[in-house]
Amino acid sequence: MIICSCNVFSEQQVLDALAGAQGVRSPSEVYRCLGCSPQCGRCARTIRSLMNKAQGHDCGACAEECPAAALVGMVAAE
């Protein structure tokens with residue numbers, strides 16, 4: 001499935017980037033691993049969701065006061 005229409009990368013490419021990169025902490029770092037940069041930003045929430053699942057943090061199940069839940073969908077301003 002295509003995750004980013006602007007840069008045309010897929011869910012599998014994001015998962016591969018997460019598996020191959022150590023210490024990826026933000027969607028912007030995923031973009032860099034894929035050799036691109038954010039354009040419109042609509043895919044950032046999906047990237048963050050994939051990151052959470054890959055790291056074992058399914059924030060859909062967290063309580064609202066969970067500190068990690070506040071990070072879902074955010075793009076680091078770098």
Residues which pass side-chain hydrogen bond (donor to acceptor under 3.5 Å, both in side chains) with S5, listed by chain and number, not counting sequence neighbours: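 Partners of S5 under the side-chain hydrogen bond (donor to acceptor under 3.5 Å, both in side chains) test: none.
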Any chance you could measure C33, atom SG, to D16, atom CG, to the nearest 0.5 Å?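 Going from the SG atom of C33 to the CG atom of D16 covers 11.5 Å.
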Interatomic spacing from NZ in K53 to CG in L15 - rounded to 0.5 Å: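 Here the interatomic distance stands at 10.0 Å.
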Please name all residues satisfying salt bridge (Lys or Arg N to Asp or Glu O under 4.0 Å) with R25, sequence neighbours left out, ordered by chain then number.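 Salt bridge (Lys or Arg N to Asp or Glu O under 4.0 Å) list for R25, sorted by chain: E29.
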If I compare all heavy atoms of P27 with all of M51, which pair ends up nearest, and what's the gap?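 So the two residues come closest at N-SD, 3.8 Å.
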For S10 and I3, work out which heavy atoms get closest and say how close.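 In this case the closest contact between S10 and I3 is C-CG1, 3.6 Å.
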Which is it for V30 and L50 under the side-chain contact (heavy atoms from CB on, under 4.5 Å) test, yes or no, and what are the steps along the way? CA-CA 11 Å; V30 172; L50 289 171; over 6 Å; no
Could you please spell out the steps behind the side-chain contact (heavy atoms from CB on, under 4.5 Å) verdict for S26 and R48? CA-CA 7 Å; S26 69; R48 174 56 72 186; 4.2 Å; yes
Is there a continuous path of hydrophobic side-chain contacts, each under 4.5 Å between heavy atoms, that joins M1 to I47?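 M1 and I47: one cluster.
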Quick one: side chain to side chain contact (heavy atoms under 4.5 Å, CB included) partners of C36, sequence neighbours excluded?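 Result, side chain to side chain contact (heavy atoms under 4.5 Å, CB included) vs C36: N7, F9, Y31, L34.
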